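Only heavy atoms go into these numbers, but all of them, side chains included; no hydrogens, no water, no symmetry mates. Numbering of ligands and ligand atoms starts at 1, following listing order. Here the structure is a predicted model, which is why all the values come from computation and not from measurement.
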Amino acid sequence: MTSAGLRFDLIVRGGTLVTPGGRIRADVGARAGRIAVIGDLGGATAAHTFDATGLHVLPGVIDAQVHFREPGATHKEDLATGTAGAVLGGVTAVLEMPNTDPPTTTAAALADKVARLKGRARCDVGFFVGATADNVAELAELETLPGCAGIKVFMGSSTGSLLIADDETLADVFASGHRRVALHAEDEDRLRERRPIAEAAGHPRAHPEWRDAETAQRATWRALALARRFGRRVHILHVTSAEELDVLDECKDVATFEILPQHLTLVAPECYERLGTRAQMNPPIRDRRHHDALWDAVGSGLCDMLATDHAPHTLEEKARPYPHSPSGMPGVQTMVPVMLDHVAAGRLTLERLVDLVCAGPARVWGLAGKGRLAVGFDCDLTLVDLSARRTIRSADMATRSGWTPFDGMEVTGWPVATVVHGHVVMRDGQLVGDPHGRPLSFIETMAPTSPA
Ligand code: DOR
């Protein structure tokens with residue numbers, strides 16, 4: 001087929017594409033926000049052309065766990081600043097968590113979040129609905145609403161008020177609805193019992209002792225047992241311990257799980273001595289044994305996906321004495337450079353990274369049109385320079401919290417442009433154009449569109 005005479009909205013020329021079939025040198029032609037052609041578009045024209053010579057073109061990177069704090073705590077982040085950080089970091093779609101104020105536990109709260117995207121979000125966004133003892137009866141309905149990514153359960157308390165600590169209520173959640181349930185797996189009873197460890201220590205180096213590996217494991221075992229009992233698919237968020245991985249290995253029929261870049265990059269106790277409460281998050285950064293096991297799960301293919309748990313708090317809030325300091329760290333803008341640096345160091349291949357941050361989240365959460373470079377899929381692209389050497393700086397972060405735990409980290413590999421729905425939205429560290437992000441569509445709940 002000759003491309004002469006063809007016209008596109010955007011042509012990305014001459015990059016090395018990471019496709020489901022392998023790496024190929026080809027052009028990408030976008031029309032009406034989707035990938036129309038992959039191939040040699042030498043004779044074609046376009047409203048916009050991007051020269052990707054020397055760059056690798058990945059499917060748009062998805063961060064399936066972010067806290068953008070709107071409404072309720074917009075001094076930490078909001079949907080505009082959070083999605084700006086996303087596209088500056090090469091991320092084209094995010095799933096946002098329900099522990100806002102008010103929490104996303106009703107149809108009205110979800111619709112309010114979806115409405116807030118218009119003209120402000122720079123990438124696509126889906127929202128989790130939080131399960132509570134009060135909304136269990138409505139969950140089956142709530143999970144079908146536009147923009148809903150699924151149901152999220154906090155089994156242990158973290159930031160915000162959402163919590164389901166007992167198996168009876170959790171069983172009711174699993175019996176209501178059918179989509180995959182996202183779980184923050186820390187056992188609340190054990191957290192309460194062990195809180196004095198943190199109070200006595202008064203330093204975040206005690207964080208992985210207070211919220212120890214057994215705290216995570218107890219909750220994960222409970223969640224998996226209930227998932228089997230109800231035949232309900234689950235997703236264990238931010239897995240941190242070697243023992244959980246051993247069991248998840250046997251649960252591929254019912255459970256998916258994710259690992260975070262910070263658990264692959266920071267190690268206890270060093271991170272707590274160096275970063276203090278900035279390294280404090282739930283579940284915690286653990287020691288080398290767990291760290292190595294997480295890398296094994298990346299290498300073996302066991303791990304389904306990565307996500308960041310982008311959880312901004314201001315440095316002033318972080319300066320409160322531990323354990324009164326809030327847990328969480330920003331991450332949406334640094335996932336791509338941090339993970340590309342691991343690629344450059346030979347810890348995983350670029351293909352495996354694409355599996356973990358593009359295809360993986362799209363598969364786990366059923367994101368329509370996302371996750372692969374293929375005709376018919378949304379033209380969301382993350383263009384990266386694998387050989388660029390840069391330093392991650394807090395000053396360059398768009399997050400309203402103004403910091404990153406990776407400040408000063410020298411990396412090899414950097415996102416240099418981001419394309420969302422066929423529009424270049426970031427180039428060389430600068431935001432481009434107006435915000436046009438949309439609510440995400442989910443395969444399980446979308447009505448099929450009729451042929452034009
Ligand atoms: O460290 C965390 N912070 N873990 C969570 O699960 C919640 C998050 C937050 O929202 O601050």
Side-chain angles (χ1 to χ4, degrees), residues 63-79 81-82 85 94-105 113 127-131 149 151-165 181-188 191 195 198 204 206-208 210-212 215-216 219-220 223 235-241 257-263 265-266 268 271-272 275-286 306-318 320 322-332 399-405:
D63 185 349
Q65 196 193 161
V66 301
H67 301 264
F68 283 171
R69 310 300 192 202
E70 179 176 346
T74 50
H75 64 288
K76 300 176 199 263
E77 198 73 290
D78 65 26
L79 290 163
T81 56
V94 297
L95 299 184
E96 208 268 340
M97 287 296 161
N99 57 335
T100 43
D101 186 11
T104 322
T105 53
K113 277 194 173 178
F127 297 103
F128 281 95
V129 163
I151 304 302
K152 157 95 182 258
V153 178
F154 281 90
M155 296 176 71
S157 42
S158 192
T159 301
S161 57
L162 290 173
L163 177 66
I164 293 186
V181 177
L183 294 141
H184 178 120
E186 289 188 287
D187 185 89
E188 180 68 9
L191 282 181
R195 168 104 186 173
H207 202 56
W210 167 29
R211 306 178 84 111
D212 66 350
T215 302
T220 294
H235 177 78
I236 310 295
L237 299 158
H238 38 44
V239 167
T240 54
S241 80
F257 73 93
E258 73 193 27
I259 293 173
L260 311 187
Q262 53 270 49
H263 288 117
T265 308
L266 306 174
C271 65
Y272 297 104
L275 296 170
T277 58
R278 281 174 293 155
Q280 176 193 339
M281 65 162 298
N282 305 330
I285 313 287
R286 305 198 191 282
L306 306 182
T308 71
D309 192 8
H310 176 86
H313 299 282
T314 66
L315 287 172
E316 199 184 351
E317 290 162 339
K318 280 289 199 182
R320 287 183 208 138
Y322 179 84
H324 306 283
S325 42
S327 293
M329 56 181 77
V332 71
T399 174
R400 195 159 279 150
S401 64
W403 63 280
T404 163

(request) Have a look at ligand 1 and work out which part of Leu237, if any, has a heavy atom under 4.0 Å from it: side chain, backbone, both or neither. (result) neither
Show the atoms of ligand 1 that are less than 4.0 angstrom away from any heavy atom in [X].
X	answer
His313	11 (O)
His67	7 (C), 8 (C), 10 (O)
Asn99	9 (C), 10 (O)

(message) For Ser325, give me all partners under side-chain hydrogen bond (donor to acceptor under 3.5 Å, both in side chains), at least two apart in sequence or on another chain.
(response) Gln280
(request) With rounding to the nearest 0.5 Å, note down the distance linking OG1 in Thr404 to CZ in Arg278. (result) 9.5 Å
(message) With rounding to the nearest 0.5 angstrom, report the CG to OG distance, Asn282 to Ser327.
(response) 3.5 Å
(message) So, 4.0 Å and heavy atoms of Lys76: is ligand 1 close enough to count as a contact?
(response) no
(message) Taking only non-hydrogen atoms of Met329, do any sit less than 4.0 angstrom from ligand 1?
(response) no
(request) Would you check whether Ser327 has a nitrogen or oxygen atom less than 3.5 angstrom from a nitrogen or oxygen atom of ligand 1? (result) yes
(request) In plain terms, say whether Asp78 and Arg400 are close enough for a salt bridge, that is, a side-chain N and a carboxylate O under 4.0 Å apart. (result) yes
(request) Look at atom 5 (C) of ligand 1 and say which protein heavy atom is nearest, naming residue and atom and giving the distance to 0.1 Å. (result) Ser158 OG, 3.1 Å
(request) Dump the intermediate steps for ring-ring contact (aromatic ring centres under 6.0 Å, His included) on His238 and Phe257, then the final yes or no. (result) CA-CA 7 Å; His238 38 44; Phe257 73 93; over 10 Å; no
